[in-house]
Amino acid sequence: MSEKRTEISELGEFGLIEKLTGSFSNKVSSTHYGIGDDAAVIERDEENFTLISTDLMMEGVHFNLMYMPLKHLGYKAVATNVSDICAMNGTAEQITVSLAVSNRFPLEALEELYEGIQHACEHFKVDLVGGDTTSSLSGLVINVAVVGKVKKTDIVYRSGAKENDLIVVSGDLGAAYMGLQVLEREKEVFKANPDIQPDLDGHDYILQRQMKPEARVDVVEIFKELKVIPTSMIDISDGLASELLHLSKASKVSCNIYDEKLPIDAKTSMQALEFNINPNTCALNGGEDYELLFTISQKDYETIGANPNFTVIGFISHEGEGNYLIDSNGAVVELSAQGWNHFKD
Ligand code: ADP
Ligand code: MG
């Protein structure tokens with residue numbers, strides 16, 4: 001190691017990944033596509049690719065056991081991985097689960113975690129085929145890896161968006177972030193006075209979006225039924241703005257989205273306003289919605305536009321034109337990624 005010291009916070013998560021992996025090149029002939037998309041793409045047979053992805057969740061960084069039941073945590077750890085396979089237009093098939101646990105957890109707690117994992121395995125039709133277990137000195141760490149499959153003719157990368165394509169999202173955005181804000185608020189109230197019961201009434205939707213996110217396997221099925229293959233796709237784990245910038249960078253294009261088109265559930269908006277947060281900010285920068293963000297060519301506009309699962313939010317323009325959010329008065333603001341930056345306080 002040299003004398004030089006570069007702070008990780010200067011690089012951010014994606015700058016760090018680029019620094020660490022930039023000098024690697026793939027040498028194995030079956031490695032079709034490595035780092036840089038939601039899943040790695042491996043040769044399988046004439047017709048199919050194998051997909052591989054992994055995600056790590058760390059207590060205190062990604063979850064707080066004060067309000068996150070272990071069963072939900074298990075489910076979420078699987079769902080977030082399955083979501084990365086969906087983002088390649090593929091189907092998840094197997095998972096492995098690795099744990100680092102401190103002796104703070106009794107068997108019963110870990111059984112509860114595995115109940116959630118099992119529930120997710122049944123729901124997403126994946127098999128748990130292995131993992132690793134070790135001890136931890138500071139909290140619980142869960143790593144799930146997922147293996148999936150996609151037809152070579154169906155695969156969708158982050159990099160395929162073309163000028164004039166339309167930008168589309170599934171479902172609605174910002175709810176998981178608002179759910180987290182409610183949980184954080186009630187945690188603070190509880191810490192100040194443990195006799196006060198948490199007030200979670202009426203927040204079912206946003207809490208469920210935070211605590212039990214769903215991977216959009218149904219969207220992959222809908223694409224098959226509608227015979228639509230998006231030109232590019234990514235799942236929204238870090239927030240719409242951040243993912244849009246990944247997509248336009250990978251595709252070497254620019255993007256334009258309209259703020260009035262952002263799909264936001266009424267319950268999310270109401271809660272945002274109660275917190276004095278602009279609902280659009282939640283949709284743009286709140287993470288963990290696990291919806292799919294994709295682009296389609298204009299010929300698919302009527303098919304996708306007519307489907308209630310989808311909202312067309314903007315269009316792709318030429319590289320170098322800039323990535324913009326356009327408001328209802330036509331004013332434009334440059335999009336910036338404020339997603340989750342784990343390395344900044
Ligand atoms: P996602 O949000 O879809 O899970 P990430 O943003 O975490 O994807 O990762 C982007 C890309 O960088 C992926 O291809 C991922 O496999 C790769 N990657 C992330 N961390 C590392 C690492 N420490 N070493 C090698 N590759 C990594
Ligand atoms: Mg992803």
Side-chain angles (χ1 to χ4, degrees), residues 6 8-9 11-28 31-42 49-58 61-63 76-92 95-98 100 124 141-148 150 155-161 167-171 173 176-177 213-217 219-220 230 232-251 285-295 337-344:
T6 309
I8 293 176
S9 59
L11 298 168
E13 181 181 343
F14 304 110
L16 176 64
I17 297 171
E18 269 175 30
K19 280 271 177 213
L20 296 178
T21 62
S23 64
F24 285 72
S25 60
N26 299 327
K27 298 184 180 65
V28 177
T31 310
H32 187 79
Y33 188 89
I35 296 164
D37 218 301
D38 292 287
V41 182
I42 313 295
F49 288 125
T50 290
L51 300 167
I52 302 179
S53 186
T54 184
D55 259 314
L56 185 119
M57 291 169 84
M58 172 109 200
V61 177
H62 300 97
F63 57 89
K76 184 170 179 173
V78 179
T80 58
N81 275 273
V82 172
S83 177
D84 277 320
I85 299 298
C86 294
M88 308 299 291
N89 208 20
T91 310
I95 56 163
T96 62
V97 176
S98 301
F124 296 115
V141 184
I142 307 175
N143 170 246
V144 176
V146 62
V147 177
V150 64
I155 192 165
V156 181
Y157 295 96
R158 292 178 180 181
S159 57
I167 304 171
V168 189
V169 284
S170 65
L173 301 175
Y177 177 73
E214 291 297 345
R216 296 301 307 258
V217 286
V219 167
V220 174
S232 70
M233 185 149 61
I234 186 169
D235 69 328
I236 307 181
S237 49
D238 288 347
L240 176 66
S242 164
E243 313 298 2
L244 262 174
L245 294 177
H246 284 314
L247 200 138
S248 50
K249 189 175 172 201
S251 295
N285 299 318
E288 303 195 290
D289 289 314
Y290 297 101
E291 293 294 342
L292 293 170
L293 166 67
F294 57 97
T295 54
Q338 292 171 13
W340 305 121
N341 189 338
H342 302 307
F343 302 110
K344 279 203 178 113

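Atoms within each ligand, like the ligands themselves, are counted from 1 in listed order.
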> Do Met57 and Phe63 come close enough that some side-chain heavy atom pair is under 4.5 Å?
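Heavy-atom side-chain distance check passes, below 4.5 Å.
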> Any idea which protein heavy atom is nearest atom 25 (C) of ligand 1, and the distance to it?
Thr21 CG2, 3.5 Å
> When you measure from atom 6 (O) of ligand 1 to every protein heavy atom, which one gives the shortest distance, and what is it?
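Closest protein heavy atom to atom 6 (O) of ligand 1: Phe14 CE2, 3.1 Å.
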> Using a 4.0 Å heavy-atom threshold (strictly under), name the region of Ile35 that reaches ligand 1: side chain, backbone, both or neither.
both
> About how large, to 10 degrees, is the angle OD1 of Asp38, then the Mg ion (ligand 2), then OD1 of Asp84?
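It comes to 100°.
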> Within the structure, does at least one protein heavy atom fall under 4.0 Å of atom 17 (C) of ligand 1?
yes
> Is Arg158 close enough to touch ligand 1? Criterion: a residue heavy atom under 4.0 Å from a ligand atom.
yes
> Which residue owns the protein heavy atom closest to atom 11 (C) of ligand 1, what's the atom, and how far is it?
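Of the protein heavy atoms, Gly36 N, 3.8 Å lies nearest.
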> State which residue, out of Leu56, Thr54, Ile95, fulfils the side-chain contact (heavy atoms from CB on, under 4.5 Å) condition with Val144.
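Running side-chain contact (heavy atoms from CB on, under 4.5 Å) over Leu56, Thr54, Ile95 with Val144 returns exactly one hit, Ile95.
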> For ligand 1, which atoms have a heavy atom of Ser237 less than 4.0 angstrom away?
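Contacts of ligand 1 toward Ser237, numbered from 1: 2 (O).
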> Where the side chain of Ser83 meets the backbone of Ala215, is there a donor-acceptor pair that is under 3.5 Å apart?
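Side chain of Ser83 to backbone of Ala215, a donor-acceptor pair under 3.5 Å: no, none is there.
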> Is the closest side-chain donor-acceptor distance between Thr295 and Ser232 under 3.5 Å?
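Result is yes, a qualifying pair exists.
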> Is the closest heavy atom of Asp84 to ligand 1 under 4.0 Å?
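The answer is yes, since Asp84 has a heavy atom less than 4.0 Å from ligand 1.
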> So do Leu247 and Glu243 actually touch side chain to side chain, heavy atoms under 4.5 Å?
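Counting from C-beta outward, Glu243 and Leu247 never come under 4.5 Å.
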> Please determine whether Asp235 has a backbone or side-chain N, O or S atom lying under 2.8 Å from the Mg ion (ligand 2).
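Yes.
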> If we ignore hydrogens and angles and just use 3.5 Å, is the side chain of Asn81 paired with the main-chain N or O of Ala77 as donor and acceptor?
yes
> Output the list of atoms in ligand 1 that are nearer than 4.0 Å to some heavy atom of Asp55, sorted by atom number.
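Those atoms are 4 (O).
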> Relative to the heavy atoms of Asp37, which atoms of ligand 1 are at a distance of less than 4.0 Å?
13 (C), 14 (O)
> Could you identify the single nearest non-hydrogen protein atom to atom 7 (O) of ligand 1 and state the distance to 0.1 Å?
Glu13 OE2, 4.1 Å
> Give the ring-plane orientation class for His32 versus Phe49, where under 30° counts as parallel, over 60° as perpendicular and anything between as tilted.
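His32 vs Phe49 ring planes: tilted.
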> Tell me whether atom 23 (N) of ligand 1 lies less than 4.0 Å from at least one protein heavy-atom position.
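It does not; no protein heavy atom is within 4.0 Å.
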> Under the side chain to side chain contact (heavy atoms under 4.5 Å, CB included) rule, what do Val41 and Ile155 come out as? Steps first, then yes or no, please.
CA-CA 9 Å; Val41 182; Ile155 192 165; 3.7 Å; yes
> Which atoms of ligand 1 sit under 4.0 Å from any heavy atom of Asp38?
3 (O)
> If you have a sec, work out which protein heavy atom is nearest atom 27 (C) of ligand 1 and how many Å separate them, to one decimal?
Ile17 CG2, 3.9 Å
> Output yes when Glu18 and Lys249 qualify as a salt bridge under the 4.0 Å nitrogen-oxygen rule, no when they do not.
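Judged by the 4.0 Å cut-off on N to carboxylate O distance, Glu18 and Lys249 do form a salt bridge.
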> Consider every N or O of Ser53 and every N or O of ligand 1, then say whether any pair is closer than 3.5 Å.
no
> To the nearest 0.5 Å, what is the distance between NZ (Lys27) and OG (Ser25)?
3.0 Å
> Are the side chain of Thr80 and the backbone of Lys76 linked by a donor-acceptor contact shorter than 3.5 Å?
yes
